[in-house]
Amino acid sequence: VGDIDLLGVGERDLVLREWNATDGPAPVGTLDSLFVDQVVRTPDAVALVGGSGSLTYRQFDDRVNAVARHLIGLGVGVESRVVLAMRRSVEQVVAMYAVIRAGGAYVPVDPDQPAERIGYVVETADPMLVLVDADLGEVSFGRTAVVVADVDLSDGRPVTAADRRGALDPENTAYVLFTSGSTGRPKGVAVSHGAAVNQLVSMQAEYGLDERDSVLQKTPATFDASVWEFFWPLQAGARLVLASADGHRDPQYLAAVLVEQSVTTVQFVPSMLPMILAALPESGAPSLRRMFAGGEALSAGVAAEFSRVTGAAVHNLYGPTEAAMQVTRREATAADAVVVPIGGPVEGTKVFVLDSRLRPVPVGVPGELYLAGVQLARGYQSRPDLTAERFVANPFAGGERMYRTGDLARWTAAGELEFVGRSDFQVKLHGLRIELGEVEAALAADPSVGQAAAAVVDTAVGRHLVGYVTAAPEAVVDVAAVTAT
């Protein structure tokens, strides 16, 4: 029975080719080269707004050059990994761009996270050095530590290809981001310049930022949604407005920044939208033109209300860290009923809804979502076994790979994807990927809990979280109360 082909006449060509007609020449360049091109075009325009002042494109570029030269002098080059243990600030953005310019790949960590997690990330990433904030001082996490604020900025001469320790090209790693792991350990996703550039170029082609735009950078650097916030605006002549270090947690603060800084472009996880709307003044946010949502299912009603109050277009984005930010997109419309679809693939990307035997399922039938194309990550840092498990051979294109997302989706008759759920125990809380196996592993390591009890608690907490994510995403979960019951 399993061998019977359930696809209707012409349906295979529809789901594999017609709705995946995204082929075209891949964009040329790196995250650094696209920014340098913009510096040449608008050197005196405001690039960065943060803290108590602002920097023009030329001023920001000079700082990046100075820090990059310092890093090159310390040995950073192509495929070097550099940990950024820094909070959101102008110095953090300078450091990020400087690592890229030196030819290396940045690995962001949250300095406020538990020391054990930071230590594991640093050990797995095996960086050449660690860039830190001034208040961390000599904290090195076992590697050479550099306080970015102490670097001499007097030598802002352009860093050329001749200055680097090897040629930088689109195949080189641009960043490594660590996500929750089902085995109890975070996993580092290594993404190339080419993958990131494809995403940013496709966003620019679709939405067209320019010198009139101001983009709010509020997503922590440890999450992949932050990448387009950091790089896209400064490749298009726009202003990058930095939220305060912990500003992403405060709806009142964010609403005020949207108005005060005339922000035109922002992104939020869907569960935060009602809180932002409640915090906006009666005049709304008149400058806002576009809002990007991702990380969770987007309610059609919430999207419509946000658009009504702010006048901004609402765009639903989908994509795991393993595929360079977002691979599908869809603008919310008045015709959306319950949930806004995640749309269709972006340029250079293909999406497949497959059964357990890697065969396409019919339109309207749920299946597991697989991704292919230029935006796929290189793999998991220092985890070839996990890379081989999740990045598998693409049966529809010889010699290519596809990524198994673990997400369930289905095609609509209009050729759009609807998100259905998960095929495993991963849950999302405010857009954060949470592997319940990681919770279980932490509990199992505690002698007072024990392996058997950990599994029971894991299931109870997991069900409770899923219930809250669905019914009251803004609620605070009392884990102690859940485990007690």
Nearest-0.5 Å distance, [atom1] of residue [X] to [atom2] of residue [Y]:
X	Y	atom1	atom2	result
T124	Q381	OG1	CD	8.0 Å
Q235	L34	CD	CG	4.5 Å
L258	L280	CG	CG	6.5 Å
M272	Q267	CE	CD	12.0 Å
L408	F419	CG	CZ	7.5 Å

* Relative to the ring of W228, is the ring of F292 parallel (under 30°), tilted (30 to 60°) or perpendicular (over 60°)? ->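 Correct class here is perpendicular.
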* Asked: side-chain contact (heavy atoms from CB on, under 4.5 Å) between F223 and E229: does it pass, once the steps are laid out?
  -> CA-CA 11 Å; F223 298 105; E229 289 181 352; over 6 Å; no
Taking C-beta and beyond as the side chain, do [X] and [Y] meet within less than 4.5 Å on heavy atoms?
X	Y	value
R63	Y97	no
L298	F306	no
P360	L354	yes
V191	L177	no
H315	R329	no
L16	F352	yes
N20	P345	yes
V83	R143	no

* Heavy atoms from other residues, nucleotides or ligands near CZ of R212 exceed 12 (cutoff 6.0 Å) ->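 Not more than 12 within 6.0 Å, no.
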Please check if any side-chain donor atom of [X] sits under 3.5 Å from a side-chain acceptor atom of [Y], or the reverse.
X	Y	value
T264	D213	yes
T173	E79	yes
S271	E296	yes

* D246 and R87 ion-paired at < 4.0 Å ->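 So D246 does not pair with R87 through a salt bridge.
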* To do: Determine, for D61 against R101, whether the closest basic-nitrogen to carboxylate-oxygen distance falls under 4.0 angstrom.
  =>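 Here D61 pairs with R101 in a salt bridge, since their nearest N and O are under 4.0 Å apart.
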* Evaluation steps, side-chain contact (heavy atoms from CB on, under 4.5 Å), between K187 and E322 -> CA-CA 11 Å; K187 51 192 179 186; E322 290 84 351; 4.2 Å; yes
* To do: Decide if the gap between the ring center of F60 and the ring center of F35 is smaller than 6.0 angstrom.
  =>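 When the ring centroids of F60 and F35 are compared, they turn out to be within the sub-6.0 Å range.
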* To do: Just do the side-chain contact (heavy atoms from CB on, under 4.5 Å) check on L14 and W411 with the steps written out, would you?
  => CA-CA 10 Å; L14 197 65; W411 287 107; over 6 Å; no
* Asked: After noting the C-alpha distance and the side-chain angles of V189 and Y380, does the key distance pass the side-chain contact (heavy atoms from CB on, under 4.5 Å) rule?
  -> CA-CA 5 Å; V189 182; Y380 295 108; 3.7 Å; yes
* After noting the C-alpha distance and the side-chain angles of R378 and S192, does the key distance pass the side chain to side chain donor-acceptor pair (under 3.5 Å) rule? -> CA-CA 7 Å; R378 297 182 63 171; S192 71; over 6 Å; no
* To do: Run the numbers on E368 and T405 for side chain to side chain donor-acceptor pair (under 3.5 Å), then give the verdict.
  => CA-CA 7 Å; E368 186 167 359; T405 68; 5.0 Å; no
